[in-house]
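Okay, structure first, notes after.
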Amino acid sequence: MSIELNPQQSEAVRATEGRYLVLAGAGSGKTRVLTERIAFLIREKKISTERILAFTFTNKAAAEMRARVGKSIGTQSPPFWVGTFHSTGLKILRREAKSIGFNNNFAIYDEDDSLNLIKDIVKKKGWKLDEYPPSILRNRISRWKNALVTPEEALEKAMDAVEELQADVYGRYCRELKKCNAFDFDDLITRVVELFTVNHRIKERYARQFKYVLVDEFQDTNTIQMVMIDMLASMHGNLFVVGDEDQAIYGWRGAAIENILHFDRLYENTVIIRLEENYRSTGNILEASNALIVNNIGRKGKRLWTRKEAGDPIRLYYCEDDGGEASSVRDAIMSLLRGGYGRNEIAVLYRTHAQSRALETAMMRGGLPYQIIGGVRFYERKEIKDLLGYLKLVNNPDDDVNFRRVINVPRRGIGKMTLEKLESTAGEKNLLSAVRQPGFMDEFTPSNRERIESFSKLIAALQLKAMKETAYEVLSSVIDMISYRNYLAEDPATEQVRSENVEELLNETKRFSAYSEDPSLAAFLEEISLISDVDSLKGEEKVALMTLHNSKGLEFRAIFITGLEEGILPHYSSFDSDQEMEEERRLFYVGMTRAKEKLFLLCASSRMQFGNWTGNHPSRFLGEIPDRCCLVSGRSQTVDKKEMDRIMDDADCPADHDETAARRDSRFRVGAAVFHPSYGEGTIKAVEGTGTAMKVSVNFTGYGTKKFLASYAPFTFR
């Protein structure tokens with residue numbers, strides 16, 4: 001082997017024929033195993049790189065795997081298929097889209113594009129957006145797609161009028177995507193499965209090509225991804241999956257932990273290999289992590305160990321409020337920096353994005369540079385969306401969503417009524433192609449005709465440029481031809497920040513055009529369509545702030561986990577589900593095992609939540625960590641540990657609320673209409689208990705009945 005492997009790793013690398021399930025604990029070298037196995041297949045087994053397919057979950061992981069394999073086999077850019085499920089699906093669809101009625105130059109709609117398309121559908125139906133929130137409709141459509149439910153099936157299975165309306169929007173949404181020659185992000189997988197289902201010849205061609213299929217982070221796969229994996233591995237049966245059921249934290253977005261728990265039941269003669277030696281963390285961190293996760297029932301079972309010393313004890317802070325918690329984090333970071341740590345070796349983790357506010361304030365007051373991972377992303381900022389809208393329309397003139405976005409940016413005097421008339425006159429035709437038809441513009445006033453035709457000519461000129469120029473050159477032309485810098489200067493308050501963002505986009509296209517094998521506009525748009533939150537993490541000298549979910553796959557010398565309170569971690573929504581509670585425990589476990597040397601755990605006695613101060617108990621998970629692993633700071637040093645554990649075990653007493661909060665519970669009554677930010681409109685069907693122990697059952701159309709602790713339910717009452 002090119003590098004030293006332990007016996008279990010070596011077994012996994014050399015296991016080539018058949019089906020293998022590698023249970024790889026945190027920090028146990030799974031990336032090393034995957035890359036060395038691919039290198040072994042190429043170097044020792046003489047397998048062509050085109051016959052190896054490897055799935056990862058982030059572009060960053062895919063790039064790292066390609067680089068490591070390239071180094072191992074002595075080439076800079078090994079041409080084997082490695083990437084995310086979406087990037088692999090995209091590569092297949094670019095070749096095969098015509099088989100399911102799309103052109104190969106299809107657009108890829110991001111979440112914002114999809115929401116804008118749904119907004120347009122809702123408006124054309126004459127509905128109000130606040131009554132039919134596009135985000136809820138988008139989530140519903142996504143669930144249907146990933147369950148392989150067609151619009152026709154959704155309509156047939158509708159239980160009431162609201163579900164019929166949702167199914168109708170789903171059907172219109174799919175037809176509009178087809179009209180615009182566009183796929184949304186879900187389609188990059190679901191359409192591949194559809195393609196393979198309706199065209200067995202194409203499926204068999206790819207299944208025959210890929211003699212070896214490998215899957216990283218297998219515990220995060222969902223049902224549709226499992227179907228795709230099974231189809232691609234169906235010919236040769238050499239399927240090698242690596243994962244850790246103890247790090248399965250994406251059930252809320254459809255990941256099916258059953259895929260890893262039942263893999264050996266699904267495939268007979270599966271060989272299971274456990275990687276349990278941890279190369280990342282100190283002994284204390286591992287002992288605490290093992291003691292925590294052993295409380296979960298839904299796991300295959302393994303126990304991490306390390307050759308490292310015990311290291312420093314875990315620091316456990318009990319703070320008065322979230323401000324004190326943030327100050328404690330800041331002060332501890334300052335101490336680490338004085339001790340020789342780099343800012344980029346430290347990360348602060350939290351359960352929800354809302355917790356970052358107090359932390360950001362403390363960081364700024366302490367003069368600590370930081371970067372937030374997974375907040376408002378660069379490619380979601382308005383000025384970036386504007387310019388990308390132009391680029392997408394240039395690349396795919398059938399893209400009506402981005403036609404609507406940019407036709408009046410900067411302002412051209414094309415108002416709402418003119419655009420509505422344009423859409424009405426176009427009928428089933430795509431807007432830009434309709435405008436370019438002889439005689440189409442005759443019904444418009446001379447001024448509107450001139451403005452719209454001028455816009456059409458602008459796009460046509462840019463399309464010619466895109467045929468022969470790089471992405472950087474096309475973007476530069478867009479900015480100059482629409483005088484976008486002058487447009488930004490109209491608002492002096494935001495000009496500098498927005499101009500800097502535009503320059504950064506130019507820099508990104510320049511870097512892409514200089515180093516990519518294909519510097520075209522189409523290739524650039526394809527590249528950025530697959531970017532994830534973690535891919536934005538840069539190796540700058542800044543402290544990283546991110547959610548626990550975004551931290552998976554990363555490691556830092558020092559980790560801070562904040563908000564370790566009942567109702568936050570574990571989250572209130574998990575209190576009535578054993579499965580969801582186990583996922584919350586896994587989430588905490590993931591955070592703990594990111595730490596290499598130092599781990600800091602913090603909770604606060606009171607915190608501002610949903611606009612009110614709440615008094616919180618420490619998380620029950622803290623009671624599962626052995627005393628010998630921890631050094632405690634704060635008021636709870638004087639609290640008897642057994643008494644605290646007893647409180648943690650009391651699931652009916654998650655928080656201490658004041659009398660005002662208790663009085664507010666009167667709003668929770670059977671029949672009351674509520675609005676939930678994730679599930680939308682709902683009706684309370686049952687109420688149990690009183691005060692802080694009150695639980696309410698709410699029926700949400702399309703989602704079924706959900707149970708909440710009234711104290712923590714983020715409802716708006718109708």
Side-chain angles (χ1 to χ4, degrees), residues 59 63 83 86-87 89-95 97-98 102-114 116 177 180-185 187-188 377-407 409-410 430-433 435-436 455-485 487 501-531 535:
N59 298 303
H86 293 95
S87 64
L90 174 58
K91 190 180 292 187
I92 293 172
L93 289 171
R94 283 289 181 216
R95 298 178 174 187
K98 289 185 178 179
F102 287 78
N103 293 325
N104 291 347
N105 70 330
F106 57 79
I108 306 165
Y109 278 5
D110 60 19
E111 185 174 352
D112 191 53
D113 294 329
S114 295
N116 283 334
L177 283 176
C180 295
N181 190 36
F183 291 132
D184 65 19
F185 215 54
D187 287 332
L188 298 183
R377 290 179 286 179
F378 177 76
Y379 290 103
E380 293 176 351
R381 291 166 180 155
K382 183 184 183 303
E383 58 274 15
I384 304 304
K385 295 294 292 186
D386 286 347
L387 294 175
L388 290 180
Y390 272 97
L391 297 181
K392 290 178 179 180
L393 183 59
V394 168
N395 186 61
N396 174 26
D398 292 338
D399 189 345
D400 286 353
V401 168
N402 282 294
F403 180 97
R404 296 186 193 99
R405 173 183 281 280
V406 302
I407 191 172
V409 176
N430 293 104
L431 298 176
L432 189 57
S433 61
V435 166
R436 291 173 173 175
F455 175 74
S456 173
K457 291 175 182 177
L458 167 70
I459 300 301
L462 290 167
Q463 285 179 281
L464 290 175
K465 286 180 174 291
M467 292 179 183
K468 54 187 177 181
E469 296 182 357
T470 67
Y472 170 70
E473 292 169 322
V474 176
L475 177 60
S476 298
S477 296
V478 169
I479 293 170
D480 292 340
M481 292 170 73
I482 66 175
S483 301
Y484 197 70
R485 291 187 179 90
Y487 169 64
N501 289 335
V502 170
E503 293 306 315
E504 180 57 29
L505 182 61
L506 274 168
N507 292 338
E508 185 60 31
T509 57
K510 192 170 187 177
R511 284 191 291 268
F512 177 85
S513 299
Y515 297 111
S516 175
E517 293 181 6
D518 180 0
S520 68
L521 174 62
F524 174 71
L525 291 174
E526 188 168 297
E527 171 97 356
I528 65 172
S529 72
L530 300 170
I531 290 175
D535 295 325

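Under the 6.0 Å distance and 45° angle rule, Arg405 does not count as a cation-pi partner of Tyr390.
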CA sep, side-chain torsions, deciding dist, call: Leu431, Arg404, side-chain contact (heavy atoms from CB on, under 4.5 Å):
CA-CA 9 Å; Leu431 298 176; Arg404 296 186 193 99; 4.2 Å; yes
Output, in order, the C-alpha distance, side-chain angles, deciding distance and verdict of side-chain contact (heavy atoms from CB on, under 4.5 Å) for Lys392 and Asn396.
CA-CA 6 Å; Lys392 290 178 179 180; Asn396 174 26; over 6 Å; no
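Here the side chains of Glu526 and Asp518 are not in contact, with every heavy-atom distance at 4.5 Å or above. Using a 4.5 Å heavy-atom threshold, the side chains of Leu525 and Ile108 count as separate. Using a 4.5 Å cut-off on side-chain heavy atoms (C-beta onward), Tyr484 and Asp386 make contact. By the 4.5 Å heavy-atom criterion applied to side chains, Asn430 and Pro397 are not counted as neighbours. Side-chain contact check for Lys385 versus Asp113: some heavy-atom pair is nearer than 4.5 Å.
Summarising the geometry, atom CG belonging to Leu432 is positioned 7.0 Å from atom CD1 belonging to Ile459; distances are rounded to the nearest 0.5 Å. Separating the CG atom in Leu462 from the CG atom in Asn395 is a distance of 12.0 Å, to the nearest 0.5 Å. Rounding to the nearest 0.5 Å gives a distance of 10.0 Å between OH of Tyr487 and CD of Glu383. For the atom pair CG (Asp400) and CG (Leu393), the distance works out to 9.0 Å, reported to the nearest 0.5 Å. In this structure, SG on Cys180 lies 10.0 Å from CZ on Phe102, to the nearest 0.5 angstrom. Atom CD1 of Ile482 is separated from atom OG of Ser477 by 11.0 Å, given to the nearest 0.5 angstrom.
Considering Asp399, Asp184, Asp187 in turn, Asp399 is the only one that fulfils the side-chain hydrogen bond (donor to acceptor under 3.5 Å, both in side chains) rule with Tyr109.
A salt bridge between Lys510 and Glu503 is absent, with no side-chain N of the basic residue lying under 4.0 Å from a carboxylate O of the acidic one.
Remark: side-chain polar atoms of Thr509 are paired, donor with acceptor, to backbone N or O of Leu506 under 3.5 angstrom. Listed for the Ser513 side chain is a donor-acceptor partner under 3.5 Å among the backbone atoms of Tyr472. Here the side chain of Arg94 pairs a donor or acceptor atom with the backbone of Phe106 at under 3.5 angstrom.
The nearest pair of heavy atoms linking Ile384 to Asn501 is CD1-O, 3.5 Å. His86 approaches Phe185 most closely through the heavy-atom pair CD2-O, 3.2 Å. When all heavy atoms of Ala471 and Ser520 are compared, the closest pair comes out as CB-O, 3.8 Å. Heavy-atom minimum distance, Ala466 versus Val474: CA-CG2, 3.7 Å.
Within the structure, every pair that satisfies the salt bridge (Lys or Arg N to Asp or Glu O under 4.0 Å) test and touches residues 468-479, not counting sequence neighbours, is listed here: Lys465-Glu469.
In this pair, Phe403 and Phe455 present their aromatic rings perpendicular. The plane angle is above 60°, beyond the 30 to 60° band.
Judged as a side-chain hydrogen bond (donor to acceptor under 3.5 Å, both in side chains), and not counting sequence neighbours, the contacts of Asn105 are Asn181.
Summarising the local packing, NZ of Lys457 is surrounded by 12 or fewer heavy atoms from other residues, nucleotides or ligands at distances under 6.0 Å.
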